[in-house]
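This structure is a prediction, so every number in the text was calculated from the model and none was measured.
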Amino acid sequence: MKTLLIVEDDRSLNKGIALTLAQNDFAIQQAYDIASAEQIVSSIKIDLIILDINLPDGSGLDYCEKIRRTSQVPIIFLTANDLEPDIVTGFELGGDDYITKPFSLMILRARVMAVLKRASSRGGDKFTLGPLSFDFGRLEFYKNSEPLILSKTELKLLKILVTNPGMILGREQLIDKIWSQEAEFVDENALTVAIKRLRAKIEDEPSAPKHIKTVYGLGYMWAERPNL
């Protein structure tokens with residue numbers, strides 16, 4: 001069952017949306033400000049957020065930007081701000097859809113279903129291996145159910161390794177893929193540092209790694225095949 005979070009300070013509208021979406025057998029969580037939304041998001045897995053922009057304790061745009069630092073959970077903005085610059089900003093900050101008030105609850109439900117369908121098509125970005133769980137679509141990474149915070153470089157490195165299990169990846173090859181156009185200006189030590197930091201986060205014993213193996217003189221390899 002999918003869990004949806006409605007962040008809307010108009011209580012009657014919040015309730016109306018909840019009743020409409022509950023007909024599709026969604027589990028519904030309701031919040032009336034950013035503070036309560038953050039509590040909910042930190043305690044349970046949310047599959048989609050319907051987010052008002054003008055909230056009592058801040059801007060939904062700012063909250064969306066904060067969410068996008070660690071998660072790709074689908075977000076639909078729901079707001080009276082119907083000016084073109086507002087809509088563009090909503091998408092630029094990572095919104096998946098933007099609905100302006102007033103609106104039809106039936107159309108909202110259809111657009112929620114469309115966003116969830118698009119999100120589910122990214123399922124090929126999920127990998128599990130024992131206590132490790134990586135969801136590159138949502139940018140959610142866990143070890144023993146505890147969240148892992150990865151830098152952009154660590155994220156790129158991890159994805160290259162995990163999607164090429166058992167394959168020896170040369171140092172130059174990794175540098176080129178991770179740093180792209182800046183690769184020729186990157187010190188080789190940068191890759192060594194990135195490997196060391198990533199191992200520290202995912203390995204039980206970073207000095208004796210099980211997952212990210214060093215193939216001396218050649219490069220690195222993800223040693224085990226994860227489950228999709």
If you take the centroid of each ring, where Trp contributes its six-membered ring, are F134 and Y142 closer together than 6.0 Å?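 No, ring centres 6.0 Å or more apart.
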Atom [atom1] in [X], atom [atom2] in [Y]: separation rounded to 0.5 Å?
{"X": "F141", "Y": "L158", "atom1": "CZ", "atom2": "CG", "result": "6.5 Å"}
{"X": "I46", "Y": "Q29", "atom1": "CD1", "atom2": "CD", "result": "5.5 Å"}
{"X": "E65", "Y": "I75", "atom1": "CD", "atom2": "CD1", "result": "11.0 Å"}
{"X": "D10", "Y": "L55", "atom1": "CG", "atom2": "CG", "result": "11.0 Å"}
{"X": "I67", "Y": "D62", "atom1": "CD1", "atom2": "CG", "result": "11.0 Å"}
{"X": "I28", "Y": "M1", "atom1": "CD1", "atom2": "CE", "result": "9.5 Å"}

Run the side chain to side chain donor-acceptor pair (under 3.5 Å) check on D86 and T89 step by step: do they pass? CA-CA 5 Å; D86 295 322; T89 298; 5.6 Å; no
Is it the case that one hydrophobic cluster holds both [X] and [Y], taking links as side-chain heavy atoms less than 4.5 Å apart, direct or via other members?
{"X": "L48", "Y": "I107", "answer": "no"}
{"X": "L148", "Y": "F127", "answer": "yes"}
{"X": "V162", "Y": "V215", "answer": "no"}
{"X": "M106", "Y": "L13", "answer": "yes"}

Run the salt bridge (charged side-chain N to carboxylate O under 4.0 Å, His left out) check on D96 and R68 step by step: do they pass? CA-CA 11 Å; D96 294 87; R68 283 291 174 260; 3.1 Å; yes
Quick one: does [X]'s side chain get under 4.5 Å of [Y]'s, heavy atoms only?
{"X": "I53", "Y": "S59", "answer": "yes"}
{"X": "Y63", "Y": "L51", "answer": "yes"}
{"X": "I99", "Y": "I76", "answer": "yes"}
{"X": "L198", "Y": "L150", "answer": "yes"}
{"X": "L169", "Y": "W222", "answer": "no"}

Is it true that [X] and [Y] have a side-chain N and a carboxylate O under 4.0 angstrom from each other?
{"X": "R11", "Y": "D9", "answer": "no"}
{"X": "K201", "Y": "E154", "answer": "yes"}
{"X": "K101", "Y": "D52", "answer": "yes"}
{"X": "E38", "Y": "K66", "answer": "yes"}

Check whether [X] reaches the backbone of [Y] with its side chain - one donor and one acceptor, N or O, closer than 3.5 Å.
{"X": "D47", "Y": "T3", "result": "yes"}
{"X": "T214", "Y": "Y216", "result": "no"}
{"X": "K143", "Y": "E203", "result": "yes"}

Residues two or more places apart in sequence or in another chain: which of them pass side chain to side chain contact (heavy atoms under 4.5 Å, CB included) with L191?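 Partners of L191 by the side chain to side chain contact (heavy atoms under 4.5 Å, CB included) criterion, ordered by chain and then number, come out as L157, R171, L174, I175, I178, W179, I195, Y220.
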Test D135 against S133 for side chain to side chain donor-acceptor pair (under 3.5 Å), laying out the working first. CA-CA 7 Å; D135 187 334; S133 173; over 6 Å; no
Go through the steps for F103 and L105 under the test side chain to side chain contact (heavy atoms under 4.5 Å, CB included), then give the verdict. CA-CA 6 Å; F103 60 91; L105 287 171; 3.8 Å; yes
Under the salt bridge (Lys or Arg N to Asp or Glu O under 4.0 Å) test, residues paired with R111 that sit two or more places apart: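 With neighbours one apart ignored, the set is D97.
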How far apart are the C-alpha atoms of T100 and N81, what are their side-chain angles, what is the distance that settles it, and do they pass the side chain to side chain contact (heavy atoms under 4.5 Å, CB included) test? CA-CA 7 Å; T100 57; N81 299 358; over 6 Å; no
Shortest non-hydrogen contact from [X] to [Y]?
{"X": "C64", "Y": "G94", "result": "SG-C, 4.1 Å"}
{"X": "S42", "Y": "Q39", "result": "OG-O, 2.9 Å"}
{"X": "G58", "Y": "I34", "result": "C-CD1, 3.7 Å"}

Taking the six-membered ring for Trp, are F77 and Y98 parallel (under 30°), tilted (30 to 60°) or perpendicular (over 60°)?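 Answer is tilted, since the angle falls between 30° and 60°.
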Begin from the C-alpha positions of M167 and I160 and carry the test side chain to side chain contact (heavy atoms under 4.5 Å, CB included) through to its verdict. CA-CA 10 Å; M167 183 181 297; I160 294 167; over 6 Å; no
Would you tabulate the side-chain donor-acceptor contacts of residues 14-25 under 3.5 Å, counting partners in other chains and residues two or more places apart, or write 'none'?
residue, atom, partner, partner atom, Å
N14, OD1, Q30, NE2, 2.9
N14, ND2, E8, O, 3.0
N14, ND2, A31, O, 3.1
T20, OG1, G16, O, 2.9
Q23, OE1, R109, NH1, 3.2
N24, OD1, R109, NH1, 3.4

Apply side chain to side chain contact (heavy atoms under 4.5 Å, CB included) to residues Q173 and K177 and explain how you reach the verdict. CA-CA 6 Å; Q173 181 182 5; K177 286 180 175 292; 3.9 Å; yes
Just checking K152: does its NZ atom have more than 12 heavy atoms from other residues, nucleotides or ligands closer to it than 6.0 angstrom?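 Counting neighbours around NZ of K152, 12 or fewer heavy atoms of other residues, nucleotides or ligands fall under 6.0 Å, so no.
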